[in-house]
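What follows is a set of notes on a single structure, which appears directly below.
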There are 2 protein chains.
Amino acid sequence: MAFENYTIKDIAKALNLSTSTVSRALRDSYEISAETKKLVLAYAEKINYRANPIARSLKERKSYSIGIIVSEIANNFFSQVIDGIESVAYAKNYQVVISQTHESSERERLNVEHLYSRSTDGLLMALSAETIDSSYLEELMKKGFPIVFFDRVPGQIKSHKVIADNRQGGFEAVQYLAKKGRRKIAHLTGAKKLSITAERLEGYKMALLANGLDFSPALVKYCEYGGLHQAEIEKAVAELAEEDYDAIFISGDKLTTGYLQAMKDRPEADVNSILIAGFTNSKVVNIFSPTITAIRQPAFEMGKKAAELLIQQIESKYAVDEFETIVLPTTLIERE
Amino acid sequence: MAFENYTIKDIAKALNLSTSTVSRALRDSYEISAETKKLVLAYAEKINYRANPIARSLKERKSYSIGIIVSEIANNFFSQVIDGIESVAYAKNYQVVISQTHESSERERLNVEHLYSRSTDGLLMALSAETIDSSYLEELMKKGFPIVFFDRVPGQIKSHKVIADNRQGGFEAVQYLAKKGRRKIAHLTGAKKLSITAERLEGYKMALLANGLDFSPALVKYCEYGGLHQAEIEKAVAELAEEDYDAIFISGDKLTTGYLQAMKDRPEADVNSILIAGFTNSKVVNIFSPTITAIRQPAFEMGKKAAELLIQQIESKYAVDEFETIVLPTTLIERE
DNA sequence: ATGAAAGCGCTAACAA
DNA sequence: TTGTTAGCGCTTTCAT
């Protein structure tokens, strides 16, 4: 029977051993004779013994589970990151607990608290668009609770961080548009305070400069909820329509698809006159219309890397105080 | 300080009470005087006491967490279902643990076992495409472990089930194509043995019949991994190209986008001559090209309903033996 | 090499 | 109404 609920006690009784001996044998302790080990292992195997992880957690103050906090699961980029995280968690026998903020900093805080008190061993998170104050996270980390940030990372906090080279991505996107002869390149982006927003904006500016184009603040539109609400995007698109632009660089998954959707309501001539490059990890960009050039983040890799750093930190004997910031390259996928 | 690790003992000591009194006060037991309760609650509040859920789980044999098993998170339909599940779990104070099978029945079994032994209180699952033998799930359920199935449900097993009206969805899709004057309607679908495959096929056949069209097995193509691998779809599309069809009904999220992608490599004339209707929960169908008609499942609702049934079963005093099968309507979203 | 016993934080039967 | 005590399943110190 695959799923009986035997305990260490049952094994001990059956084999006439003490629970401690069984426990040690199971954990392959050096103090136990080869013979006894074999006996215990064999019997455990036979009855299909499964250690109760709850009991173990209580005793060891470790749950072999890690929390993930993202704004939305239903997002190409995040779901791919989660896949990456899962792949290493699975390999290292960690359970993964996912929760969503829906870009609300309050939900974020509740989730953090929940995951922390549920004794996850650490957290992987991308900040919500709303989050300004992340000092409570710092407090947690000071208490020895490991948190690794990815994608949207807090500026000051000392921790491992895994991000895409957003500056490069922005630069290449805009460079691409400029090389195609566009002179009035707009920028549609997310929450002003997010790290990714600033970085991509920098890339945008650098590319403008590199191509002798002026930076015009009127061509940059922010969506504080990163396109979570289509209305934000509609508004931005309407405002941009006043500006007579001939290309646009878009700074996020939802924003990119949201922009395309918003353009469905505009005269076709307008749409066709605008060249589009945007961050997106959609696997189906090639069936989008109008056609766009995609800047893809190595989402799976980011998840993997972040999870590795976290688990490494969790399992480290001493407090970690040397933190890494890993920057992974983006890829531009041209389509025309 | 938001995140101290106080225990019930600390409160007891500070207030000169016993731990049991504190425990009872915290849980608002009738045996405790209003005064004492107030005292305890106030102090707990003050020091920001958080019960240790691990300890509680161990004692109560209940973890206030539920497992979700789906084939892929990065799938519009499933991520929306998960959102629905999460919304009720959150409201009822359950944690949610997600895992993916990637359509492998072996992964599925490992996940089930893992979630079961990790003491989740119950499971919400959609079967993997590969799964044939679900008898081990029956064993588990017999032992009192609640499982609610959604979307891809096992035939014989006695349990709560939540599904979309796949027959209706298939019927309406094909009805729609027929009304547009199409006579040779193909069908691209998933794993033969899945419930959803059979049900949608039935709807397809019914609509053919209703419109005086012959059923031709050569026009039906199965993808055993539901389009997880694009190669399956390419193959099916190549085979279909031999058949000279003028419309197609597609039976799944991945299959629908995969089909569109595959068609990118075919002559434009071909593509334009084929009318497409497909199951998809993508929120961006309106920017797909070619244009398609979408059959949408009430994913969020399904998740909600399934979670409600599960939690109800978990919290039920007596063994549940009356099981419901909830069938929710699909919606056809025309685009042309 | 093995066992006895304590304890992780909490709940609950039983006593007072 | 409150306290004492045992115990959930496991690990681990300290004896033996």
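Chain identifiers are assigned alphabetically (A, B, ...) following the order of the sequence lines, protein sequences preceding nucleic acid strands; residue numbering begins at 1 within each chain. Since the model is a prediction, treat every value here as computed from it, not as a measurement. Computation of the quantities below employed the complete heavy-atom set of this structure, encompassing side-chain atoms and omitting hydrogens, waters and symmetry-equivalent molecules.
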Look at the side-chain N and O atoms of A/R61 and state whether any lies under 4.0 Å from the OP1 or OP2 oxygen of C/dG9. yes

Can B/K305 and B/E308 be counted as an ion pair, charged N to O under 4.0 angstrom? yes

Side-chain N or O of A/R24 versus OP1/OP2 of D/dT11: is the shortest distance under 4.0 Å? no

Which nucleotide sits closest to the side chain of A/K9: C/dC8, C/dT2, D/dC8? D/dC8

Between B/R24 and B/E31 (salt bridge meaning N to carboxylate O under 4.0 Å), is one present in this structure? yes

Counting only side-chain heavy atoms from C-beta out, which of D/dT2, D/dG9, C/dT11 sits nearest to B/R56? C/dT11

Within this structure, what is the CG-to-C1' distance between A/N52 and D/dT11, rounded to whole angstrom? 13 Å

Check whether the side chain of A/K59 and the base of C/dG7 form a donor-acceptor pair under 3.5 Å. yes

Has the side chain of A/S20 got a donor or acceptor atom sitting under 3.5 Å from an opposite partner on the base of C/dA4? yes

Nucleotide D/dA6, atom P - distance to CG of B/L58 in whole Å: 18 Å

May I ask you to say what B/S57 touches in the nucleic acid, namely base, sugar-phosphate or nothing, with a heavy-atom cut-off under 4.0 Å? nothing

Residue pair B/A55/B/N16 against DNA chain D: nearer the 5' end by closest nucleotide is B/N16

Check the angle between the aromatic planes of B/Y94 and B/Y64 and answer parallel, tilted or perpendicular using the 30° and 60° thresholds. tilted

Rounded to whole Å, the NZ-C1' distance (A/K62 to D/dT12) equals 18 Å

Whole angstroms only, please: what is the CZ-P distance between B/R50 and C/dC8? 22 Å

d(CD, B/E31; P, C/dC14) in whole Å: 13 Å

B/S33 side chain N/O closer than 4.0 Å to the phosphate oxygens (OP1, OP2) of D/dT2? yes

Roughly how many Å is it from CG in A/D28 to C1' in C/dA1, rounded to a whole number? 15 Å

First encountered from the 5' end of DNA chain C, between A/E60 and B/L26: A/E60

Note: B/R152-B/E108 ion pair, threshold 4.0 Å (strictly below): no

As a test of reading the structure: which of D/dT5, D/dC10, D/dT2 is closest to the side chain of A/A51, going by heavy atoms? D/dC10

Whether B/K158 and B/E138 form a salt bridge (side-chain N of Lys/Arg under 4.0 Å from carboxylate O of Asp/Glu) is what I want to check. no

Taken to the nearest whole Å, NZ/A/K38 to P/C/dT2 is 14 Å

Looking only at heavy atoms, what is the nearest atom pair of A/I54 and A/N52, with distance? N-OD1, 2.7 Å

B/S18 side chain N/O closer than 4.0 Å to the phosphate oxygens (OP1, OP2) of D/dG3? yes

Select base, sugar-phosphate, or nothing to describe what A/S23 touches, counting heavy atoms under 4.0 Å on all strands. base

Using a 4.0 Å heavy-atom cut-off, does B/I54 contact any base of the nucleic acid, only the sugar-phosphate backbone, or nothing at all? nothing

Quick note, B/R27 side chain, CB onward, closest among D/dT2, D/dG9, C/dA12 is C/dA12

Atom-to-atom span, CG of B/L15 to P of D/dT1 - whole angstrom: 18 Å

OP1 or OP2 of D/dC10 versus the side-chain N and O atoms of A/Y49: is any pair under 4.0 Å? yes

